[in-house]
2 protein chains.
Amino acid sequence: MAQTARPEYRYGNRPTMKDVAARAGVGLKTVSRVVNGEPGVTPDTERRVQEAIEALGFRRNDSARVLRKGRTASIGLVLEDLADPFYGPLSRAVEEVARAHGALLINGSSAEDPDREQELVLALCARRVDGLVVIPAGDDHRYLEPELKAGVATVFVDRPAGRIDADVVLSDNFGGARDGVAHLIAHGHRRIGFIGDKARIHTAAERLRGYRAAMTEAGLPVHDSWVALGSTAPDRVRSAAEALLSGPEPVTAIFAGNNRVTVTVVRVLADLERPVALVGFDDFELADLLRPAVTVIAQDAAQLGRTAAERLFHRLDGAPGMTQRIELTTRLVPRGSGELPPVN
Amino acid sequence: MAQTARPEYRYGNRPTMKDVAARAGVGLKTVSRVVNGEPGVTPDTERRVQEAIEALGFRRNDSARVLRKGRTASIGLVLEDLADPFYGPLSRAVEEVARAHGALLINGSSAEDPDREQELVLALCARRVDGLVVIPAGDDHRYLEPELKAGVATVFVDRPAGRIDADVVLSDNFGGARDGVAHLIAHGHRRIGFIGDKARIHTAAERLRGYRAAMTEAGLPVHDSWVALGSTAPDRVRSAAEALLSGPEPVTAIFAGNNRVTVTVVRVLADLERPVALVGFDDFELADLLRPAVTVIAQDAAQLGRTAAERLFHRLDGAPGMTQRIELTTRLVPRGSGELPPVN
DNA sequence: ACCGAGAGTGACAACGTTGTCTAGGCTCTA
DNA sequence: TAGAGCCTAGACAACGTTGTCACTCTCGGT
C-alpha cells in the first residue's frame with residue numbers, strides 16, 4: 001500500500017530506532033539502550049521496546065554504528081585462491097579466531113595478481129576493517145604505509161611483506177625443502193630434479209634454496225636442467241617433468257615445490273615404467289592412498305592461519321612493539337614414494 | 001609527535017574529506033566530487049585536491065558512504081565449512097561474480113549448526129549486505145522473513161530453504177544417485193549398500209531417495225542393514241562400511257553419499273582382499289589416480305556457485321517475480337571402481 | 001517540610017559521506 | 001551592455017547510530 005512508484009533502491013526502508021521509539025512511545029536513546037543491553041531501563045519500558053522491535057522487524061544498522069564507534073568488528077583476509085585446497089583450512093582457522101573475537105571475515109582472492117591484491121586490500125581498508133591477514137601476491141607493499149600508520153593491524157602469512165615492516169607468519173620453507181631433499185639423498189639418489197613455482201614467489205625461492213643447500217651439503221652438483229621454475233599449470237609441470245626424466249642425465253628422483261606440482265608429477269609418474277622417487281612440499285588429502293603413497297613435507301595450514309589471526313587480534317588489543325617473524329616448523333611424512341631407491 | 005597519550009581506539013584518526021578540503025583550500029563537496037570522479041571540477045582544482053589526498057594518505061570511508069547511499073556493494077556467503085574442498089570452488093565462483101559486479105564478499109561457516117547459521121545471517125543483515133547466498137544448515141528460515149521483506153535478496157544453494165519462499169539452486173541429487181545406483185545394478189550387483197549424511201540434510205535425503213528408487217525400479221529389495229545414515233565422521237563411516245560388508249547378507253557394492261564418505265570408504269576397501277564396487281556422490285581431486293580409480297556422480301560446484309550468484313545479482317538489478325528453483329544435472333564419471341563385477 | 005542522591009529518560013551533537021540547492025563568475029547572444 | 005545560460009564551487013541537511021549531558025521524579029534522611 002505504501003508501496004510508492006519505486007523506492008529507488010534504498011534497502012527497502014527498514015525501520016530505524018526512531019520508528020521503534022515512536023511505536024513504543026519512548027525516546028530514541030532508550031531504544032538504543034535496550035538494543036545494546038545497557039543498564040538503566042525499567043523492565044516495563046524494556047518490554048514495550050522489545051515488542052515494538054519484534055513488531056517492526058527492526059535490526060540495528062551496523063553501518064551507522066560503525067561510523068559512530070569507529071571500529072567495524074571485521075577483519076579482511078586476502079588470499080591467493082579460495083579454491084586451492086591449501087587455503088581452505090587456513091581461512092577456516094582465521095575465521096574461527098575472528099569469530100571468537102566477535103569479528104566477521106571479509107575475504108577475496110588475489111588470483112596471484114599483485115594489482116588485484118592491492119585493489120582488494122585498499123577496498124578492505126576503505127571498509128575500515130580493523131585488521132588484515134594477507135597472503136601476498138606482490139612483493140612491494142609500500143602502498144600499505146598510510147594504512148599501517150592509520151592503525152590498520154596487518155599480518156602477512158605464508159609469504160613475507162615486501163619493502164615494509166610488518167608481522168609475518170611463515171613455514172620453514174627452506175628447512176622443509178632441505179630435509180625433503182636430504183631424505184632422497186639418504187636413500188641413495190644423486191640426480192634429483194626440482195619443479196617449483198615462479199621464482200619471484202617467496203616460498204618457491206626458499207624451497208629452491210633448501211634444495212640447493214641439501215645438494216651442496218651432500219657434495220652433489222646441480223645441473224641447470226634439473227631445476228624447473230615457472231607456472232604450476234598442469235601442462236607446464238607435465239612437460240617440465242618429462243624433460244627432467246628424459247635428458248642426457250635423467251633424474252632418479254623429483255622434489256615437487258608445492259601441492260599442485262606434486263599432483264601433476266604423480267600423474268606423470270603413473271604413466272611411467274621405471275620407478276622414480278618423489279617428495280612433495282605440502283601434504284594433501286589421499287596422499288596416503290596413492291600407490292606408492294606420496295612422501296611429503298607437511299606444513300600445517302590451519303596452524304598458520306590460527307597463528308596469524310591470533311597475532312592480529314593481539315595487535316588489535318593493543319600489543320605494542322616490534323614486528324614479529326614467526327616461523328613454523330614442517331614435518332617430513334614418509335609414505336613410500338620418497339623411499340624408493342634410485343633406478344637408472 | 002602529535003601522538004597523544006592514547007588515541008583511545010579510534011582507527012588512528014584517519015584524515016577525512018574535511019581535512020583534505022582544508023589542505024587543498026577547497027570546499028568539502030569538491031573533494032567528494034574528485035574522489036568519486038564526478039564532473040564539474042576544473043583540472044587545476046582537481047590537481048590540488050589530488051595532491052592533498054596523496055599527502056595526507058586519505059582513503060574514503062566506505063562506512064559513511066554506505067550509511068548515506070543505502071547500498072553496501074557487498075554480499076554475504078554462508079556455507080557449511082570453508083575447509084571442505086567441495087565449497088572451495090563454489091565460494092570462489094561466487095566471489096568472481098561478486099567481483100564482476102563490484103561487490104565484496106563477506107563470508108562465514110555455519111559448521112552445520114542451524115543456530116550458528118542464523119546468527120551469521122543476521123549479523124550479515126545488520127551489516128546491510130545487499131544480498132545473501134546461503135547454503136543452509138537449518139530447515140526453518142522464517143527468521144529471514146523481515147529481511148526478505150526489507151529487500152535483502154537471498155538465494156539458497158545446494159539445499160532448499162525451509163518454510164519460506166526463496167530462490168534456490170540445486171544439483172539433481174535424486175537423479176544423480178539413482179543413476180549411480182542403476183550403474184551398479186547394470187554391472188550385476190544385487191546387494192548394494194548406501195552410506196550417507198544425516199537424514200535431515202536435504203541432499204542426503206534426496207540421494208537416499210534416489211538409491212531406493214533405483215533399487216525399486218530394478219525390482220531389488222533394500223535391507224534395513226544396507227542403509228547407514230548419520231555422521232560423515234571417518235570413524236562412524238568406517239564402522240558403517242565394515243558392518244555392510246560383514247553382515248549375513250554382505251553387500252557387493254557401496255554407494256557413498258558424499259565426498260567425505262567416499263574417501264573413508266576407499267580407505268576401508270583398500271584394506272580388503274575381496275573387490276567391492278564403489279560409486280561416490282561428488283567428484284574429488286585424485287579420484288582418477290586411485291587404484292581402482294573411483295567412479296563418481298560429479299556435480300559442478302563452481303557452476304552451482306556461479307548460477308546462484310548470478311541469480312542474486314539479477315534480483316538486485318530489480319528482477320521481479322516468482323522465486324525460481326534451478327536444478328543442475330549431474331554427470332556419471334566411470335573410472336573403474338563402479339564397473340567392478342560383484343564378488344561374494 | 002526541605003535537601004541530596006540516584007535512577008530513569010530523552011534532547012542533542014557528532015561520526016564522514018553524498019544529494020540538493022544556491023551563489024558567483026564566466027561566455028554568448030541580442 | 002544587459003540578460004540568459006552555463007559552469008564551477010560551496011553551504012547545508014540528511015543517513016542511523018551512540019556519547020554526553022541535563023532534566024524529572026522518587027526516596028530517604030534530617
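Letters A, B, ... are given to chains in the order of the sequence lines, protein chains preceding strands, and every chain is numbered from 1.
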Kindly say whether, by distance alone, the side chain of A/R68 makes a donor-acceptor pair under 3.5 Å with the base of D/dT18? yes
Establish whether the base of D/dT17 is bridged to the side chain of A/R65 by a donor-acceptor pair shorter than 3.5 Å.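 For A/R65, whose side chain was compared with the base of D/dT17, there is no donor-acceptor pair (under 3.5 Å).
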Which residues within residues 18-29 of chain B lie with some heavy atom under 4.0 Å of an atom in DNA chain C?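 Contacting residues: B/L28, B/K29.
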For DNA chain C, determine which residues of residues 35-53 of chain A have any heavy atom closer than 4.0 angstrom to one of its atoms, and list them numerically. A/G40, A/V41, A/T42, A/T45
How many whole angstroms separate atom [atom1] of [X] from atom [atom2] of [N]?
| X | N | atom1 | atom2 | result |
| --- | --- | --- | --- | --- |
| B/L67 | D/dA13 | CG | C1' | 13 Å |
| A/M17 | C/dC12 | CE | C1' | 16 Å |
| B/N61 | C/dA14 | CG | C1' | 14 Å |
| A/R71 | D/dG19 | CZ | P | 14 Å |
| B/R14 | C/dT17 | CZ | P | 10 Å |

Does [X] have a side-chain nitrogen or oxygen under 4.0 Å from the phosphate oxygens OP1 or OP2 of [N]?
| X | N | value |
| --- | --- | --- |
| A/K69 | D/dG19 | yes |
| B/R60 | C/dT18 | yes |
| B/T30 | D/dG10 | yes |
| A/S32 | D/dT18 | yes |

Does A/E51 have more than 12 heavy atoms from other residues, nucleotides or ligands lying within 6.0 Å of its CD?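 Yes - once you tally the heavy atoms of other residues, nucleotides and ligands closer than 6.0 Å, there are more than 12.
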Can any side-chain N or O of B/R315 pair as donor or acceptor with the backbone N or O of B/P320 at less than 3.5 Å? yes
Would you mind classifying the nucleic acid contact of A/R33 as base, sugar-phosphate or nothing, using non-hydrogen atoms under 4.0 angstrom? base
Check ion pair [X]-[Y] (N to O, under 4.0 angstrom):
| X | Y | result |
| --- | --- | --- |
| A/E145 | A/K149 | no |
| A/E117 | A/R159 | no |
| B/D44 | B/R48 | yes |

Report, one line per pair, each donor and acceptor closer than 3.5 Å where one atom sits in a side chain of residues 99-106 of chain B; sequence neighbours left out.
{"unit_1": "B/R99", "atom_1": "NH1", "unit_2": "A/E119", "atom_2": "OE2", "d": "3.3"}

The reported gap from CD1 in A/I75 to CG in A/L124 (rounded to nearest 0.5 angstrom) is 10.5 Å
Point-to-point distance, once rounded to the nearest 0.5 Å, from CG of A/N61 to CZ of A/R14: 8.5 Å
Give me the atom names and distance for the closest heavy-atom approach of A/E95 to B/L82.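 In this case the closest contact between A/E95 and B/L82 is OE1-CD1, 3.7 Å.
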